[in-house]
Amino acid sequence: MKKTYEEIRRNVLLSLFNGKKTINEISRDSGVNWKTVQRHLTYLKGIELVSEVFSSPYVRIFDLTEKAREKII
Amino acid sequence: MFGWEFPPMKSGGLGTACYDLCRGLYKEGIEVTFVVPKLPKDSKSEFVKLMGANQHVKFQEVDSIITPYMNTKEYLEVYEHLDENMKENYGKTLFSEVHRYTKAADLITKRSDFDVIHVHDWMTYKAGIVAKEISGKPIVAHIHATEFDRTGGNPNQAISQIEYEGLKAADLIIANSNYTKNNVIKVYNINPDKIKVVHWGIDENNPAYNTNEVSPFKDEKTVLFLGRVTLQKGPEYFVKAAENVIKYVPNVKFIFAGSGDMFPRIVNEVADRNLSDKFVFTGFLKGDDVHRAFQMADLYVMPSVSEPFGLVALESLKNNTPILISKQSGVSEVVTNAFKVDFWDVEEMTNKIVSFLSYPSLSYELKKNGFEESKKFNLAEPAKKCIDCYNEVIEW
């Protein structure tokens, strides 16, 4: 069954709860397609639940913000 | 130890580096099982017989068509030329081939006994991760070249991902220079404390260093380029410098030794600049021919855009041939008696080549001091440092 936006974003956030990750790692953890994860990360960044802690042409690393951690807990 | 090349099968410096490391480790009493792609049918027994130290390196073959410097396009070209019945044996893409290698590594790990997993470059990192999951043993990830070095800022994202995950999963990383270490930190944000620097050495007892070949170009000085003809090695800067040098030193020959994706472009560029009679293209050289080429040359130029280490520069010094090397290289950290230039600075490269060719006292001093300096490099030192790394992860 197709996942809803909320389900996908929850999976992405839960994946990051265990530590910083790349898009690839989040995709593997959450079972969500790479491109889809990337799009949802952009949204989550926009609402300050996720931050991009490192960015280079080679790798992008994301982490939860404090706001997100408080919400999850 | 998971690797891709082992002489005589080699396409670049990785094979030599792994071979020398294994020899050095053996002399220090370390037993190595080296997992390699398939060797030619007769090479295994000959090789073991010829190289006594390597009788104690156990070979386990994994049938593969990848070479360490392949990109996805080159892999497809090789794959398309396979016989139809052979194609069934290989992955249809570069990454499926890496996957196949990783699967084979799974089986090999289950029937092997070892203390440490040592992996060389991105194609073996997944195999190392699998081996760790099965055995629980620590991984030492060796980084000989990053995707940054190979592509100059235009990375293949999938390769970068694999490279990053391998470095992240490693218990300890060995970089072949501070230059490589800094690149790994810069592009992958890896903790600097996790990275140890082990500079490469050379086999000081190789008889090929003493063959004293003489240049066939009696009345001309010779300047050598030797390496893969690809973006990373800066061959176009060599050609540009050559064009300038000839204006000041007309009686010079440029020896261009190597093959690679940029080779046709370089040949055309030499022709476009009307330098065809000043260039000699030898094609890919291997084995003792490499040493002969160094010995015939008056000066070796390594204009690399990004060179993680640059073992060939040490080989040149050991062959009594002075060097002009890129500052963007690992070897520039450990060598004093050498000309060093920024790879893009064709004018300075020209100045140094012309000075070398024009002033015998300068060339004599550089040659003498460079050769003396080459004596400080050997196989024992890098092997001992790698063993220190092994002991560090085993003790954790």
Side-chain angles (χ1 to χ4, degrees), chain A residues 2-3 5 7-73, chain B residues 71-72 93-96 98-99 102 121-123 125-126 129-130 132-133 141 143-170 173 175 179-192 194-195 231-232 305-306 308:
Chain A
K2 205 172 171 183
K3 291 189 179 76
Y5 274 18
E7 282 172 334
I8 292 170
R9 285 167 190 167
R10 185 169 60 241
N11 287 345
V12 168
L13 292 171
L14 283 173
S15 169
L16 284 170
F17 189 74
N18 295 322
K20 297 174 202 170
K21 289 195 172 70
T22 63
I23 299 175
N24 209 39
E25 287 170 322
I26 296 169
S27 171
R28 268 208 308 273
D29 261 1
S30 62
V32 176
N33 169 275
W34 194 96
K35 201 69 186 165
T36 305
V37 167
Q38 187 186 38
R39 291 191 181 120
H40 285 285
L41 280 170
T42 304
Y43 173 78
L44 292 168
K45 260 177 69 175
I47 59 169
E48 296 177 354
L49 291 183
V50 161
S51 63
E52 189 165 350
V53 296
F54 179 79
S55 179
S56 77
Y58 305 87
V59 75
R60 297 169 68 192
I61 305 174
F62 296 85
D63 199 1
L64 292 181
T65 60
E66 277 309 309
K67 180 178 166 183
R69 288 193 185 275
E70 284 164 11
K71 266 196 162 182
I72 290 172
I73 290 167
Chain B
N71 57 34
T72 51
T93 67
L94 178 63
F95 299 102
S96 60
V98 169
H99 178 73
T102 305
D121 274 357
W122 74 272
M123 283 181 290
Y125 285 172
K126 281 192 167 192
I129 291 169
V130 162
K132 181 175 180 175
E133 283 167 1
I143 184 96
H144 299 269
T146 64
E147 188 64 1
F148 167 81
D149 298 309
R150 287 185 292 270
T151 64
N154 190 25
N156 179 305
Q157 288 293 337
I159 293 175
S160 295
Q161 284 295 319
I162 295 171
E163 201 161 73
Y164 170 74
E165 287 174 21
L167 294 171
K168 190 176 162 187
I173 299 167
Y179 177 75
T180 300
K181 177 178 177 177
N182 291 336
N183 279 341
V184 166
I185 294 165
K186 185 175 76 179
V187 307
Y188 292 123
N189 198 35
I190 300 291
N191 181 356
K194 196 173 160 178
I195 310 172
L231 175 94
Q232 184 186 349
V305 171
S306 184

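Everything numeric here is computed off the predicted structure, so don't read it as measured data. Chain naming here is simple, since letters A, B, ... match the order of the sequence lines and numbering starts at 1 in each.
Between chain A and the residues B:Glu165, B:Gln157, B:Lys186, the most heavy-atom pairs under 4.5 angstrom are made by B:Glu165.
A 6.0 Å sphere centred on NZ of A:Lys21 holds more than 12 heavy atoms belonging to other residues, nucleotides or ligands.
Partners of B:Tyr164 under the side chain to side chain donor-acceptor pair (under 3.5 Å) rule, at least two apart in sequence or in another chain, do not exist in this structure. With sequence neighbours excluded, the residues that form a ring pair (Phe, Tyr, Trp, His ring centres under 6.0 Å) with A:Tyr5 are A:His40.
Interatomic distance, NZ of B:Lys168 versus NZ of A:Lys20, reported as 9.5 Å (0.5 Å rounding).
Residues of residues 24-36 of chain A having a heavy atom under 4.5 Å from any heavy atom of chain B, listed by number: A:Asn24, A:Glu25, A:Arg28. Of all residues in residues 43-68 of chain A, those placing a non-hydrogen atom less than 4.5 angstrom from a non-hydrogen atom of chain B are A:Phe54, A:Ser56, A:Pro57, A:Tyr58, A:Val59, A:Ile61.
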